[in-house]
Amino acid sequence: MASPVVIALDGPAASGKGTLAQAIASHYGFAYLDTGSLYRGVAYLLLREGEDPWDEAAAAARRFSLEEIAGADIRTREIGAAASVVAAQPAVRKALLDFQRNFARNPPGGAKGAVLDGRDIGTVVCPDATVKFFVIASPEVRALRRFLELRDEKPGLKEADVLADLMERDARDAGRSDAPMTKAPDAELLDTTHMTIEAAFAAARRVIDGVLQRCEG
Ligand code: CDP
């Protein structure tokens with residue numbers, strides 16, 4: 001059996017990679033894994049238990065399952081910040097690695113491919129991915145996008161605070177020693193600052209279709 005197609009999308013917070021990854025997965029009929037939800041999920045469980053994210057994170061990551069956080073609101077600012085703290089721990093990353101690799105190798109539901117988005121998919125989790133993207137946008141545009149996503153849940157939220165959160169998280173994600181956020185040399189850079197979702201999706205599709213045709217031909 002042919003090995004599954006793997007599409008890797010990495011990039012800074014709120015760069016649009018999640019939306020793009022879902023559109024790609026649905027278009028090609030591939031399975032989708034938001035790897036940020038694993039780190040957010042571990043952070044959510046720790047905060048719920050009142051644990052200091054540094055102390056119990058590795059143990060929480062080892063016993064973590066997505067079922068445990070089903071229905072929980074893990075997209076908050078607080079959980080995003082705590083996720084990037086726990087994500088800097090090598091033991092946490094190690095505990096979550098097999099699940100991600102297994103998802104890519106054996107996409108659920110018999111899908112012929114998998115789409116994973118995160119920070120280290122093209123560099124560490126799936127260095128042999130079929131197609132890799134590094135999705136970026138200016139900090140101001142990313143802050144506005146995230147502000148619009150969060151403001152209904154959080155009246156009084158300020159765009160400037162969202163921007164500060166994103167900058168702090170990006171610095172931590174790019175600066176950590178284990179699997180820092182960085183563009184893989186063979187990743188396609190996609191700057192979505194001035195792109196609609198449709199335009200970003202069309203650009204990604206052109207790249208993917210080109211690679212898939214070459215693989216088949
Ligand atoms: O959606 P957003 O871009 O805000 O972030 P996310 O993808 O949900 O990831 C939340 C946090 O998890 C990030 O800031 C990273 O610290 C961490 N993460 C990671 O370290 N490696 C990944 N593959 C995915 C997320």
Side-chain angles (χ1 to χ4, degrees), residues 6-22 32-47 53-54 57-58 60-61 64 66 69 72-104 114-127 129 132-139 141-150 153-154 157 161-184 187 190 192 197 200:
V6 176
I7 313 279
L9 296 102
D10 293 303
S15 58
K17 58 195 183 308
T19 308
L20 191 55
Q22 286 178 59
Y32 168 54
L33 180 64
D34 163 12
T35 66
S37 70
L38 307 177
Y39 296 93
R40 283 177 181 268
V42 170
Y44 166 82
L45 294 177
L46 292 167
L47 294 175
W54 278 107
F64 180 75
L66 278 173
I69 56 153
D73 181 11
I74 58 167
R75 305 286 319 160
T76 65
R77 286 172 66 198
E78 293 72 20
I79 292 175
S84 96
V85 173
V86 301
Q89 287 193 37
V92 169
R93 307 200 69 81
K94 185 166 178 284
L96 298 175
L97 191 58
D98 281 351
F99 176 79
Q100 298 172 74
R101 286 195 173 146
N102 190 43
F103 187 99
V115 183
L116 288 84
D117 78 336
R119 302 292 184 289
D120 61 339
I121 308 304
T123 50
V124 173
V125 178
C126 303
K132 300 177 187 179
F133 293 100
F134 196 75
V135 186
I136 60 168
S138 74
V141 163
R142 293 190 285 121
L144 175 62
R145 289 178 187 162
R146 186 51 50 92
F147 171 72
L148 296 175
E149 252 171 61
L150 294 176
E153 300 284 322
K154 204 96 188 170
L157 178 68
D161 292 340
V162 176
L163 176 62
D165 283 356
L166 297 185
M167 301 304 281
E168 189 183 330
R169 196 142 61 86
D170 288 351
R172 202 183 287 127
D173 291 346
R176 67 184 174 221
S177 51
D178 189 19
M181 168 177 72
T182 184
K183 180 185 168 302
L190 195 59
T192 70
I197 294 170

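Both ligands and their constituent atoms are indexed starting at 1 by order of listing. Values below: all heavy atoms of this structure, side chains included; hydrogens, waters and symmetry mates excluded. Computed from a prediction, not measured in an experiment: that's the story for all the values here.
- The salt bridge (charged side-chain N to carboxylate O under 4.0 Å, His left out) search around R172 returns E168, not counting sequence neighbours.
- A distance of 4.0 Å separates CZ in R75 from CZ in R40, rounded to the nearest 0.5 Å.
- With sequence neighbours excluded, the residues forming a side chain to side chain contact (heavy atoms under 4.5 Å, CB included) with L66 are L33, S37, L38, F64, I69, F99, listed by chain and number.
- Here the options are D117, I7, L190, V115, the test is side-chain contact (heavy atoms from CB on, under 4.5 Å), and the partner is L20; only L190 passes.
- Taking OG1 of T35 as the reference point, atom CD of Q100 lies at 5.0 Å (rounded to 0.5 Å).
- Residues that satisfy the side chain to side chain contact (heavy atoms under 4.5 Å, CB included) test with K154, not counting sequence neighbours, are E78, L157.
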Identify all N/O pairs between ligand 1 and the protein with a separation under 3.5 Å and present them as a table of atom names and distances.
from, atom 1, to, atom 2, distance (Å)
ligand 1, 1 (O), R75, NH2, 2.8
ligand 1, 1 (O), R146, NH2, 3.4
ligand 1, 3 (O), A14, N, 3.0
ligand 1, 3 (O), K17, NZ, 2.9
ligand 1, 3 (O), R119, NH2, 3.3
ligand 1, 4 (O), R40, NH2, 3.1
ligand 1, 4 (O), R146, NH1, 2.7
ligand 1, 4 (O), R146, NH2, 3.3
ligand 1, 4 (O), R169, NH1, 3.4
ligand 1, 4 (O), R169, NH2, 2.8
ligand 1, 5 (O), R119, NH2, 3.1
ligand 1, 5 (O), R169, NH1, 3.3
ligand 1, 7 (O), R119, NH1, 3.1
ligand 1, 8 (O), R40, NE, 2.6
ligand 1, 8 (O), R75, NH1, 3.4
ligand 1, 14 (O), R119, NH2, 3.4
ligand 1, 14 (O), R169, NH1, 2.8
ligand 1, 14 (O), D173, OD2, 2.6
ligand 1, 16 (O), D173, OD1, 2.6
ligand 1, 16 (O), D173, OD2, 3.2
ligand 1, 20 (O), R93, NH1, 2.8
ligand 1, 20 (O), R93, NH2, 3.4
ligand 1, 20 (O), R176, NH1, 2.9
ligand 1, 20 (O), R176, NH2, 3.0
ligand 1, 21 (N), R93, NH2, 3.0
ligand 1, 23 (N), T35, OG1, 2.9
ligand 1, 23 (N), R119, N, 3.1
ligand 1, 23 (N), D120, OD1, 2.9

